[in-house]
Amino acid sequence: MAAGNPLVEVRDLVKHFPIKKGLILSRQVGAVRAVDGISFDIVEGETLGLVGESGCGKSTTARLLTRLLDPTSGTISFEGRDIAFMSHEELKPLRRDMQMIFQDPYSSLNPRKTVGSIIAEPFVIHAVAPDPKERKRRVQELMEQVGLNPEHFNRLPHEFSGGQRQRIGVARAIALKPKLIVADEPVSALDVSIQAQILNLLRTLQRDLGLTIVFIAHDLSVVRHMCDRIAVMYLGRIAELASADELYGHPRHPYTGALLSAVPVPDPRLAKMKVRQVLGGDVPSPTNPPQACRFHTRCPKAVAGTCDVDDPELAAKAGGNLAACHFPLSDTEIAARVPTAAP
Amino acid sequence: MAPLLQVTDLRVHFHTDDGIVKAVDGISYSVDAGQTLGIVGESGSGKSVSSMTVMGLTRAKNAQISGSIVFDGKELLTATEDELRRVRGGPVSMIFQDPLSSLHPMYKIGKQLVEAVRTHQDVSKARALDRAVEMLGLVGLPEPRRRVDSYPHEFSGGMRQRVMIAMALCNDPKLLIADEPTTALDVTVQAQILDLLERLKRELDTAIVLITHDLGVVAEVTDDIAVMYAGRIVEKAPKGAIFAAPEHPYTWGLLRSIPRLDSPRDEELVPIPGRPPSLINPPSGCSFHPRCPYVREAHTRVDPALEPVPGAREHAVACLLTGETRQALWAELASGADPEAAKAAATPAAAAGPGRLEEEGS
């Protein structure tokens, strides 16, 4: 799936949030290393998944991609132009090509505005369809497209259910026919029966509009269903990057293996078969991440003298996965830990 | 032997300005010692309210509660506040979803645990602290002797949930009610907590009522499963039966709407159309009928009761379709057919019906 033209190329992207002390003579005493040197491409028309646990930097990456945050260093080239340090003036015309869908459909919509005016806002900001009648027609088209009743144009967000609000968010995001959509946990706040409706909607829209999507989620089953390629993040780094079939069929990084092993399977027979591999402890603090391989403090395969000294590069392993690991999982190890894998 | 917890025809109605919210509307279940019951449902299905009522936590001026909750031979619904206080945190304890808001932010966790112990046991502070340290060790908190002097904010989410579990266990409860205990946690931490719950059940013979929306979680740790919808139990069965031979169209919908790690990747998800019903004005007849693809005209009038499935012991379902129709439908669905085809296969059996109603637009 990596073939095709990259729409976005990210190189050595870093975002450190400074920790300051003192009121008047404030000085920096440290930094939260939220994203700490990641590189990847987003290929036109694909869905790239970003997964990882809280604090791994996946949401920061999303906000850097859309320049809602300013990076500390690195480059983000969007259609060949480096947008990493572009001014807001320069960025404005590019913004219509990249849109975001947020997790919480309750707080991401202005409660005082009608749904019509929320969806029309991109048209107003970018001075597309200045004629109000034309604008209304386009908004109603969009509502139709995402499965909302166009007659509900004048309703307020609180009159809609969670799933419908997320549809409003989707309509707003696709209003200007963007090239890239960054969806940050778009279904995490929804009930399971509603979640499937939104996932199907995103898939249909992608097919119909030729969208490129960055899909961020912590639910590995959802990511597998939605994404062509997946980057697994741990403490601000990419631990493994592979196509969905490669990643779920034969995870090579022990962290990916542990994540997949931890996912509860809604099938008692499979659940009984597997030896749940439980990682000890918690994710270390990103203010002071472990030296060398970030995962060595919790890794069941860590070897002293290698993993805590030598920082592994993201490199091709058996089966084609890119993994940042000195001792990637073998097929037998995978089979024992992840019953759903097929190495 | 009488079950440890026997809930019979429990109803919890709240009087509000908008009308009467029938949060729980006639549910019955029982749990034996050492057994885990999973209660599955979506937001607003009444799963949390029903278990909070067991603890007497829904008693309010506007709440109207009826039915019976017998725990260990004692009726809890009519128990006085004083009697309930002896039960809460003692023989019955509860773990909530959000461990940060369940712990007092200004007290050291050791102090909070000591308080929990001394509420139910007449022991010295030092003895109670020993007990606290012992329980923290049991739930896998590293260096418990030192960590009792920490405040809740110094712990991560998973650690806080362990502290909550330690607090829930420090008086050797016979019944543990866990309301979405892992929903706020990452998968690797969730795996740690689920392992812990399983160990407790095995080693301490604790009965557990696990409330969750996650079918994966119930598949891993429960014995029996009750599926709730709109304040009712619509299906109840041993775990294996719920996954292998589910009987209720809502259960089918739940199972088919979640992406699974072991299904083909390009498989379309089948969402349940529409949305959960209002609890103030629930639909007439079967409360699932506006969202049910197999609805018949009669289903809008007749309210189905939870009845045993013919030929399957311990499996009960509240559905108006006949047993044969349901089995034929599920066989079609399980073999990967889309619901339209399955419906076509099932209609000859009920060709006399006027067909399905319009699906509620979502």
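This is a predicted model, so every value here is computed, not measured. By convention in this document, chain letters (A, B, ...) are assigned in the order of the sequence lines, proteins followed by strands, and residues within each chain are numbered from 1.
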If you count heavy-atom pairs under 4.5 Å with chain A, which of B:Leu254, B:Leu255, B:Leu215, B:Asp195 comes out on top? B:Asp195
Taking every heavy atom of A:Asp191 against every heavy atom of B:Glu42, the minimum-distance pair comes out as CB-OE2, 3.1 Å
Which of B:Leu269, B:Val218, B:Asp262 touches chain A most, by non-hydrogen pairs under 4.5 Å: B:Leu269
Among A:Val265, A:Val338, A:Leu260, find the one that has a side-chain contact (heavy atoms from CB on, under 4.5 Å) with B:Leu261. A:Leu260
For B:Ile242, is it the side chain, the backbone, both, or neither that has a heavy atom closer than 4.5 Å to a heavy atom of chain A? neither
Check A:Pro268 against B:Gly240 and note the closest heavy-atom contact, atom names and distance. CG-CA, 4.3 Å
With a 4.5 angstrom heavy-atom cut-off, which part of A:Cys227 approaches chain B: side chain, backbone, both or neither? backbone
Would you mind reporting whether B:Ile258 and A:Ser221 have side-chain heavy atoms less than 4.5 Å apart? no
Is the CD atom of A:Glu151 crowded by more than 12 outside heavy atoms at less than 6.0 Å? no
If only atom types and distance count, is the side chain of B:Gln192 paired as donor or acceptor with the main-chain N or O of A:Leu279 below 3.5 Å? yes
Does a side-chain heavy-atom distance below 4.5 Å link A:Arg298 with B:Thr188? yes
Any sub-3.5 Å donor-acceptor pair from A:Gln197's side-chain atoms to B:Ile272's backbone N or O? yes
Under 4.5 Å between any side-chain heavy atoms of A:Gln195 and B:Pro271, yes or no? no
Would a distance-only check, ignoring hydrogens and angles, find a side-chain to backbone donor-acceptor pair under 3.5 Å from A:Asn200 to B:Glu268? no
Answer with side chain, backbone, both or neither: which region of A:Leu220 has an atom nearer than 4.5 Å to a non-hydrogen atom of chain B? both
For the atom pair OG (A:Ser243) and CZ (B:Arg265), what is the distance rounded to the nearest 0.5 Å? 7.5 Å
If I compare all heavy atoms of B:Arg260 with all of A:Pro266, which pair ends up nearest, and what's the gap? NH1-O, 3.4 Å
Would you say the side-chain atoms of A:Arg224 pair up with the backbone N or O of B:Pro259, donor to acceptor, closer than 3.5 Å? no
Find the distance between CG (A:Asp267) and NZ (B:Lys239) and round it off to the nearest 0.5 Å. 10.0 Å
Of all heavy-atom pairs linking A:Glu53 and B:Asp186, the shortest is OE2-CB, 3.1 Å
What I'd like to find out is whether the side chain of A:His225 reaches to under 4.5 Å of the side chain of B:Pro264, using heavy atoms alone. no
Chain A contact via B:Thr222 - which portion, at a heavy-atom distance below 4.5 Å: neither
